[in-house]
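Step one of this worksheet: look at the structure below.
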Amino acid sequence: MKLFRKLFAEKILRYYEGTEAGIKIVKKLPIVRKIVKEDSFGEKSKSRAVIGMLAQIFMLAWEFVRKFLYVALLIYVPYIILAYFFPLIRIHQDISIIYLFIMLSTICGSLANTTIFAMGDRDYLMIRVMLVSPYMNFLGKFIYKLVTEFIFYFIILTIFGEPVVNALMLCIVTACARPIGEMLAIITFDHFRGVYENRSVLNGTIMAICVILAYGLPVLNGRVAASWIYAIHPFVVCVMFVLGAGAMYFLWWYKYYRVIIREAMHNKREF
């Protein structure tokens with residue numbers, strides 16, 4: 001339990017913030033505020049716990065909607081457009097979506113959208129004010145991202161017509177790619193500081209290449225190669241699982257998160 005509180009201190013704080021915001025909203029409702037007593041939302045009251053849970057459900061629902069819009073606008077809508085012009089893409093919807101998802105989320109998302117260098121105001125609050133260790137702050141954020149993405153993407157992919165087994169395998173491959181991307185980012189920071197200092201250019205280049213490949217190759221070829229189905233083959237999934245586990249081991253035992261966070265704070269001019 002103590003480890004859980006350290007890892008997810010930011011999420012626990014968000015729970016309390018959501019609870020307080022929810023109580024303020026309830027108290028402002030015209031009819032409810034006349035019925036509700038001042039002591040109805042005490043520290044251990046059921047009403048307070050219910051509002052806190054509803055606030056968390058709302059926040060999770062909003063995160064789900066954002067992921068849904070991402071898949072819809074950047075993967076499914078482009079597939080529909082490509083399918084309109086290219087019959088071979090239309091009749092292989094499952095492979096086409098696998099290809100687009102791997103290029104834009106599994107590869108691009110893992111390499112260009114890492115958690116370790118995404119220093120925000122919340123991280124500053126947790127590390128500098130709440131005195132949460134950079135190690136726990138990063139791992140908590142990363143584990144939360146890993147779990148929620150896996151669940152959300154699995155549901156969304158099945159909604160958009162991807163077979164359940166394919167969606168499951170694709171989510172496992174993507175989840176395994178995430179720690180690999182974080183590990184590569186840390187190695188870049190440790191050994192290639194010049195690349196790190198120009199990481200905005202690097203991230204932009206990675207994103208541009210992935211977008212061009214994702215949308216350009218199907219247009220040039222008029223189809224998505226059937227061999228992309230092997231990206232979710234059980235053997236590939238097992239290999240990715242081993243690589244992801246190795247990367248997660250590296251992240252768990254890495255000792256210099258404080259140095260990385262200090263550098264990230266300095267770059268934001270908040271240190």
Side-chain angles (χ1 to χ4, degrees), residues 4 7-8 10-11 60 63-64 66-71 74-75 97-120 122-123 126 134-158 162 166-190 192 195-196 199-200 202-207 209-211 213-214 228 231-254 256-257 260-261 264:
F4 180 87
L7 279 173
F8 303 108
E10 193 274 333
K11 303 306 174 187
L60 285 172
E63 290 180 15
F64 178 83
R66 290 171 57 189
K67 291 286 189 296
F68 184 90
L69 291 175
Y70 161 74
V71 176
L74 295 182
I75 295 175
I97 290 180
I98 288 171
Y99 169 74
L100 292 172
F101 191 88
I102 287 176
M103 294 302 302
L104 298 176
S105 185
T106 307
I107 298 176
C108 184
S110 298
L111 296 178
N113 187 29
T114 55
T115 302
I116 186 64
F117 295 124
M119 168 57 64
R122 297 288 293 184
D123 300 284
M126 299 308 299
Y135 170 74
M136 288 295 178
N137 184 67
F138 163 70
L139 287 179
K141 283 176 58 180
F142 180 65
I143 293 171
Y144 178 84
K145 175 183 177 181
L146 209 62
V147 173
T148 53
E149 278 192 352
F150 183 91
I151 296 171
F152 291 163
Y153 281 144
F154 175 73
I155 296 171
I156 293 167
L157 287 168
T158 54
E162 197 68 22
N166 288 3
L168 179 62
M169 293 296 191
L170 189 54
C171 288
I172 293 174
V173 169
T174 303
C176 293
R178 293 290 188 254
I180 296 173
E182 300 291 338
M183 182 184 70
L184 292 176
I186 291 174
I187 292 173
T188 300
F189 176 83
D190 284 341
F192 306 98
V195 176
Y196 163 77
R199 66 189 182 282
S200 58
L202 176 63
N203 291 341
T205 302
I206 291 171
M207 293 171 66
I209 292 173
C210 289
V211 168
L213 292 176
W228 276 97
I232 58 171
H233 189 276
F235 176 77
V236 175
V237 173
C238 290
V239 171
M240 286 297 297
F241 182 82
V242 171
L243 294 176
M248 199 67 202
Y249 179 85
F250 172 89
L251 297 176
W252 188 265
W253 293 105
Y254 184 75
Y256 306 109
Y257 287 107
I260 295 176
I261 298 303

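This one's a predicted model, so the numbers in the text were calculated from it and none came from an experiment. Along the sequence shown, the residues carry numbers beginning at 1.
- Minimum interatomic distance between Thr158 and Ala167 (heavy atoms only, all atoms of both residues): CG2-CB, 3.9 Å.
- Taken from CD1 in Ile151 to CD1 in Ile156, the straight-line distance is 11.5 Å, to the nearest 0.5 Å.
- Taken from CG in Leu139 to OG1 in Thr115, the straight-line distance is 10.5 Å, to the nearest 0.5 Å.
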Check step by step if side chain to side chain contact (heavy atoms under 4.5 Å, CB included) holds for Asn166 and Leu170. CA-CA 6 Å; Asn166 288 3; Leu170 189 54; over 6 Å; no
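- Looking at Ile186 and Ile116, their side chains come closer than 4.5 Å, going by heavy atoms from C-beta outward.
- The side-chain contact (heavy atoms from CB on, under 4.5 Å) test with Glu182 is passed by exactly one of Phe250, Tyr254, Phe138: Phe138.
- Within the 4.5 Å cutoff, the side chain of Asn113 has heavy atoms near those of the Lys145 side chain.
- Between the Ser105 side chain and the Ile102 main chain, no donor and acceptor come within less than 3.5 Å of each other.
- The aromatic rings of Trp253 and Tyr249 sit tilted, their planes meeting at an angle between 30° and 60°.
- Proximity of Ile180 to Met240: side-chain heavy atoms (C-beta onward) are separated by under 4.5 Å at one or more points.
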Would Phe142 and Asn137 count as a side chain to side chain contact (heavy atoms under 4.5 Å, CB included) if you check the C-alpha gap in whole Å, the side-chain angles of each, and the deciding distance to 0.1 Å? CA-CA 9 Å; Phe142 180 65; Asn137 184 67; over 6 Å; no
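- Between the CD1 atom of Ile97 and the CG atom of Leu157 there is a distance of 7.5 Å, given to the nearest 0.5 Å.
- Checked against the 6.0 Å centroid threshold, Phe152 and Phe154 do not count as a close aromatic pair.
- Taking the six-membered ring where tryptophan is involved, the planes of Tyr257 and Tyr135 are tilted, since the angle between them lies from 30° to 60°.
- Aromatic ring centroids of Phe150 and Tyr153 lie 6.0 Å or more apart.
- Between atom CG of residue Leu69 and atom CZ of residue Arg66 there is a gap of 10.0 Å, rounded to the nearest 0.5 Å.
- Distance check, rounded to the nearest 0.5 Å: OG1 of Thr205 to CG of Leu111 gives 12.0 Å.
- The minimum heavy-atom distance between Met169 and Pro234, with the atom names listed, is CE-CG, 4.4 Å.
- A pairwise comparison of heavy atoms in Thr114 and Ala185 identifies CG2-CB, 4.0 Å as the closest pair.
- Nearest approach of Leu104 to Cys210, heavy atoms of both residues: CD2-O, 4.2 Å.
- Once rounded to the nearest 0.5 Å, the distance linking CD of Glu149 with CZ of Arg178 reads 4.0 Å.
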Give the C-alpha distance, both sets of side-chain angles, the deciding distance and a yes or no for side chain to side chain contact (heavy atoms under 4.5 Å, CB included) between Cys176 and Ile172. CA-CA 6 Å; Cys176 293; Ile172 293 174; 4.2 Å; yes
Side chain to side chain contact (heavy atoms under 4.5 Å, CB included) assessment of Ile155 paired with Phe68: CA-CA 9 Å; Ile155 296 171; Phe68 184 90; over 6 Å; no
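- In this structure, Ala247 and Met183 approach most closely via the heavy-atom pair CA-SD, 3.8 Å.
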